[in-house]
Participant: 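Please see the structure below; I have some questions.
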2 protein chains.
Amino acid sequence: MPRKLSTLDPQRLDNQICFAVYSAAHAFNRVYKPLLDRLGLTYPQYLVMLVLWERDDVPVKDIGERLFLDSGTLTPLLKRLEAAHLVKRTRSSEDERQVLIALTAQGHALKEKARSVPQSILAASDCSVSELVTMKDEIVALRDRLNAVIGE
Amino acid sequence: MPRKLSTLDPQRLDNQICFAVYSAAHAFNRVYKPLLDRLGLTYPQYLVMLVLWERDDVPVKDIGERLFLDSGTLTPLLKRLEAAHLVKRTRSSEDERQVLIALTAQGHALKEKARSVPQSILAASDCSVSELVTMKDEIVALRDRLNAVIGE
DNA sequence: TCACATTTAATTGTTCGCAATTGAATAAGC
DNA sequence: GCTTATTCAATTGCGAACAATTAAATGTGA
């Protein structure tokens with residue numbers, strides 16, 4: 001019965017990359033919170049707005065593929081954005097199964113107010129841009145490998 | 001009015017490390033799901049069990065500090081673990097404000113059944129151990145810098 | 001045309017995650 | 001002893017996140 005060295009024990013919390021990622025995601029969320037409160041957005045709502053600022057008038061499905069989220073998450077979230085007058089939901093006339101999401105004037109305008117958010121996050125990261133880009137690319141590559149396993 | 005190159009635009013979704021972390025956390029969760037279903041645990045419940053397998057008979061507060069979660073999250077989660085007969089919640093006699101969490105025999109036994117989980121995750125990551133350790137350390141360092149900003 | 005599969009959103013129910021509040025227990029100072 | 005502040009857990013309410021189901025629209029093949 002070998003006594004495992006805790007620094008190598010794969011069952012130890014601090015040795016798990018998934019917990020590192022999980023807890024880092026929460027840390028990001030907490031840093032974003034006060035910034036996004038001023039915009040009246042939650043972090044997932046902010047992600048949806050980022051997608052729409054790149055291109056709007058898109059079906060819910062497209063937003064979900066971009067963010068890896070399903071309609072069970074997006075439908076109520078989008079209804080809240082609609083209630084906040086940031087987006088408009090319209091059923092497509094070409095394919096009535098689709099609901100198209102378009103920005104309102106307010107939704108477009110919010111992009112300017114949100115312009116300072118990324119640099120605030122960068123400052124909080126206390127890290128060079130190039131280091132962050134490298135890490136981001138590594139994490140994305142890991143995420144894509146994980147997602148590949150899920151679809152078998 | 002300069003047209004920003006999208007590969008440099010900080011407001012672009014794919015340029016944001018936080019989205020990389022956020023989406024990687026979800027990807028991990030999806031990989032864990034089938035593995036943890038067999039143990040009857042969710043991922044946050046699994047994290048709590050990891051903490052308790054290292055040391056149990058600890059107050060809720062300690063678990064929260066380890067996982068960066070508060071009692072609003074942990075109280076109902078621990079009640080579900082208690083309902084599953086994996087932990088016992090007892091109010092401390094020394095300080096009656098504290099609730100001590102101890103593993104049951106079933107809770108201890110589950111550690112063996114969970115032993116194969118980390119290696120399944122490693123396989124899904126499709127990545128060398130040393131690469132993962134390096135990434136983990138970088139992500140933890142980033143997380144800790146973010147958490148440092150939150151407390152001002 | 002008709003039957004059947006596929007696509008797409010919406011809905012329902014369970015679990016996290018956190019802010020804000022409540023309430024109880026403890027500690028500190030007078 | 002009394003007041004006050006602090007600590008800690010529980011509670012409440014809201015917003016994700018996802019599985020599973022439902023329902024409608026579309027496409028396909030016989």
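Only heavy atoms go into these numbers, but all of them, side chains included; no hydrogens, no water, no symmetry mates. Chain letters run A, B, ... following the sequence lines, proteins first, then strands; residues in each count from 1.
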Participant: Surrounding NZ of Lys88(A) (heavy atoms of other residues, nucleotides or ligands, distance under 6.0 Å), is the total greater than 12?
Facilitator: no
Participant: Can you find a heavy atom in the side chain of Leu67(B) that is under 4.5 Å from one in the side chain of Tyr22(A)?
Facilitator: no
Participant: What is the per-nucleotide protein-contact pattern of nucleotides 1-6 of chain C, from the 5' end, where B denotes a base atom under 4.0 Å from a protein heavy atom, S denotes such proximity for sugar-phosphate atoms only, and - denotes neither?
Facilitator: -----B
Participant: Of the residues in residues 36-54 of chain B, which ones touch DNA chain D at a heavy-atom distance under 4.0 Å?
Facilitator: none
Participant: Can you tell me the distance, in whole Å, between the CD atom of Glu94(B) and the C1' atom of dA9(D)?
Facilitator: 17 Å
Participant: Please verify the inter-ring angle class for Phe19(A) with Phe68(B); under 30° counts as parallel, over 60° as perpendicular, anything in between as tilted.
Facilitator: parallel
Participant: Between dA19(D), dA16(D), dC16(C), which nucleotide has the shortest distance from any of its atoms to the side chain of Arg80(B)?
Facilitator: dC16(C)
Participant: Under a 4.5 Å cut-off applied to non-hydrogen side-chain atoms, are Val140(B) and Asp137(B) in contact?
Facilitator: no
Participant: Using the side-chain heavy atoms of Lys61(A), tell me which of these nucleotides is nearest: dA19(C), dG17(C), dA9(C).
Facilitator: dA9(C)
Participant: Tell me which nucleotide among dA9(C), dT26(C), dG17(C) gets nearest to the side chain of Asp95(B).
Facilitator: dT26(C)
Participant: Looking across every strand, which nucleic acid part, if any, lies under 4.0 Å from Asn29(A) by heavy atom: base, sugar-phosphate, or nothing?
Facilitator: nothing
Participant: Apply the side-chain contact (heavy atoms from CB on, under 4.5 Å) test between Arg38(A) and each candidate in Leu36(A), Leu35(A), Leu41(A); give the one that qualifies.
Facilitator: Leu35(A)
Participant: Considering only NZ, NE, NH1 and NH2 on the basic side and carboxylate oxygens on the acidic side, decide whether Arg115(A) and Glu112(A) come within less than 4.0 Å.
Facilitator: yes
Participant: Collect all protein-nucleotide pairs involving nucleotides 10-13 of chain D in which both atoms are nitrogen or oxygen and the distance is under 3.5 Å.
Facilitator:
unit_1	atom_1	unit_2	atom_2	d
dA10(D)	OP1	Arg89(B)	NH2	2.6
dA10(D)	OP2	Thr75(B)	OG1	2.8
dA10(D)	N7	Ser71(B)	OG	3.2
dT11(D)	OP2	Lys79(B)	NZ	2.5

Participant: Could you give the CD-to-P distance, from Gln98(B) to dA25(C), as a whole number of Å?
Facilitator: 14 Å
